[in-house]
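We number each residue from 1, following the sequence as shown.
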Amino acid sequence: MGKRVALVLAGCGVFDGSEIHEASAALVHLSRGSAEVKIFAPNIEQRDVVNHLKGSPAEEKRNVLVESARLARGNIQDLAELKASEFDAVIFPGGFGVAKNLCSWAADGKNCTVNEHVHSTLQAFHSAKKPIGLCCISPVLAAKVFPGCEVTVGQDKNVDGRFPDAETASAIAELGCKHICKNVNESHVDKANKIVTTRAFMCKAPLHEIFDGIGTMVQEVLKLA
């Protein structure tokens with residue numbers, strides 16, 4: 001029997017929800033790993049809505065669960081219903097929705113608050129010693145909830161302009177966590193906490209390399225499960 005994995009989304013679209021390529025890559029690699037996947041998202045209003053064509057705010061309101069259902073092909077549940085006892089692992093793709101809807105990192109940085117259901121989900125899997133996979137900006141969730149953990153968001157310096165979000169690594173360190181520099185096709189495993197992270201779109205890289213990096217994260221999560 002394949003491992004049972006919960007995938008948690010934050011909306012639909014890189015600027016205000018889950019990064020679509022990351023969510024899809026995680027699902028493809030989970031399928032390849034014969035995992036049984038169920039998808040969840042919090043039933044809350046998005047912090048904002050962004051016109052992805054113009055890159056500017058849109059004057060409308062959207063719901064995170066409803067928007068995430070687009071990526072889940074309608075097969076999705078309220079995050080409040082997730083029971084860690086029914087799964088072997090949990091994975092969070094990235095996208096600005098993580099920093100806007102799952103927590104307030106986009107506005108508050110290291111002083112952010114984490115959505116109550118996201119926080120309780122992370123705590124439940126961690127307490128049960130079940131692996132947690134995070135990519136792109138999602139590792140900040142672990143940094144906020146589990147002081148002292150090890151994560152990667154790529155590099156801690158903006159080398160050649162390829163790492164515009166390198167300052168995130170410094171904020172993670174200020175939270176008392178250890179940031180590990182990794183290439184895009186790699187992931188980092190915090191064995192003590194069973195947290196697996198990869199940088200994905202936290203750098204400028206070809207899509208296939210990001211896909212491969214997410215694959216290493218999924219593979220490590222399934223090994224730990």
Side-chain angles (χ1 to χ4, degrees), residues 5-31 37 39-42 44 46-58 62-73 76 79 90-107 112 114-115 118 121-122 132-143 151-155 162-166 168-169 172 182-188 196-218 221:
V5 181
L7 187 81
V8 181
L9 298 179
C12 180
V14 59
F15 299 127
D16 57 14
S18 289
E19 210 296 320
I20 293 171
H21 297 294
E22 292 179 13
S24 178
L27 288 167
V28 170
H29 287 296
L30 285 166
S31 176
V37 182
I39 305 175
F40 297 83
I44 58 175
Q46 289 185 189
R47 178 177 178 270
D48 60 17
V49 177
V50 176
N51 181 320
H52 280 58
L53 179 61
K54 297 179 179 179
S56 58
R62 296 193 183 189
N63 177 279
V64 174
L65 178 59
V66 173
E67 292 302 297
S68 298
R70 294 174 179 271
L71 289 170
R73 297 173 62 87
I76 193 167
L79 182 60
V90 64
I91 288 177
F92 290 75
F96 279 105
V98 172
K100 292 179 176 181
N101 304 324
L102 303 192
C103 70
S104 64
W105 187 277
C112 73
V114 179
N115 170 274
V118 173
T121 294
L122 290 167
I132 299 167
L134 307 126
C135 65
C136 195
I137 192 63
S138 293
V140 302
L141 296 172
V151 299
T152 187
V153 289
Q155 300 295 320
R162 294 180 57 235
F163 310 99
D165 301 304
T168 303
I172 286 170
K182 288 287 183 177
N183 293 322
V184 68
N185 60 348
E186 299 177 313
S187 55
H188 177 70
V196 188
T197 52
T198 189
R199 76 190 196 193
F201 278 100
M202 291 293 281
C203 70
K204 297 176 181 178
L207 181 58
H208 71 277
E209 293 184 4
I210 291 168
F211 180 88
D212 292 345
I214 292 171
T216 68
M217 180 268 286
V218 170
V221 166

Visitor: Do side-chain atoms of N63 reach the backbone of L65 as a donor and acceptor pair under 3.5 angstrom?
Guide: yes
Visitor: What pair of heavy atoms forms the shortest contact from T216 to N185, and how long is it?
Guide: CG2-O, 3.5 Å
Visitor: Check whether more than 12 heavy atoms from other residues, nucleotides or ligands sit under 6.0 Å from atom CZ of F40, and answer yes or no.
Guide: yes
Visitor: Minimum heavy-atom separation for E22 and G94, please, with both atom names.
Guide: OE1-N, 2.7 Å
Visitor: Answer yes or no: is there a donor N or O on one side and an acceptor on the other, between the side chain of S18 and the main chain of A10, under 3.5 Å?
Guide: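 A pair under 3.5 Å: yes.
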Visitor: Which atom pair, heavy atoms only, marks the closest approach of F96 to F15?
Guide: CB-O, 3.4 Å
Visitor: Would I20 and L71 count as a side-chain contact (heavy atoms from CB on, under 4.5 Å) here? Give the steps.
Guide: CA-CA 7 Å; I20 293 171; L71 289 170; 3.7 Å; yes
Visitor: Distance check, rounded to the nearest 0.5 Å: E209 atom CD versus N183 atom CG?
Guide: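 Here the rounded value is 9.0 Å.
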Visitor: How long is the span from the CZ atom in F201 to the CD1 atom in I214, to the nearest 0.5 Å?
Guide: 7.5 Å
Visitor: Within the side chain of H21, is there an N or O that forms a donor-acceptor pair under 3.5 Å with the backbone of E19?
Guide: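 No, because the side chain of H21 does not come within donor-acceptor range (under 3.5 Å) of the backbone of E19.
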Visitor: Using only atom types and a distance under 3.5 Å, with no angle test, would you say the side chain of Q46 pairs donor to acceptor with the backbone of R62?
Guide: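 Side chain of Q46 to backbone of R62: no pair is present.
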Visitor: Any chance you could measure T198, atom OG1, to K182, atom NZ, to the nearest 0.5 Å?
Guide: 9.5 Å
Visitor: Measuring only between side-chain heavy atoms, which start at C-beta, is V98 closer than 4.5 Å to F92?
Guide: no
Visitor: Heavy atoms only: give me the nearest P139-V151 pair and the separation to one decimal.
Guide: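 The answer is CB-CB, 3.9 Å.
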Visitor: Out of curiosity, L102 CG to I137 CD1, how far, rounded to the nearest 0.5 Å?
Guide: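 Reported value, rounded in 0.5 Å steps: 11.5 Å.
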Visitor: Verify, without hydrogens or angle tests, whether T197 (side chain) and C135 (backbone) share a donor-acceptor contact under 3.5 angstrom.
Guide: no
Visitor: Can you tell me how far CE of M202 sits from CD of Q155, rounded to the nearest 0.5 angstrom?
Guide: 11.5 Å
Visitor: How long is the gap from NZ on K100 to SG on C112, to the nearest 0.5 Å?
Guide: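 K100 NZ to C112 SG: 14.5 Å, rounded to 0.5 Å.
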Visitor: Between I210 and V184, is there a side-chain heavy-atom distance shorter than 4.5 Å?
Guide: yes
Visitor: So which atom in C136 and which in G95 form the shortest heavy-atom distance, rounded to 0.1 Å?
Guide: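 Smallest heavy-atom distance, with atoms named: SG-N, 4.2 Å.
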Visitor: Knowing that exactly one of D48, N101, V64 qualifies, which makes a side chain to side chain contact (heavy atoms under 4.5 Å, CB included) with D16?
Guide: D48
Visitor: Using a 3.5 Å distance criterion without hydrogens, assess whether the side chain of H29 forms a donor-acceptor pair with backbone atoms of F211.
Guide: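 A pair under 3.5 Å: yes.
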Visitor: Quick one: does L27's side chain get under 4.5 Å of I39's, heavy atoms only?
Guide: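 When only atoms from C-beta onward are counted, I39 and L27 do touch, with a gap below 4.5 Å.
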Visitor: When you measure from the side chain of S138 to the backbone N and O of P93, does any donor-acceptor pair fall under 3.5 Å?
Guide: yes
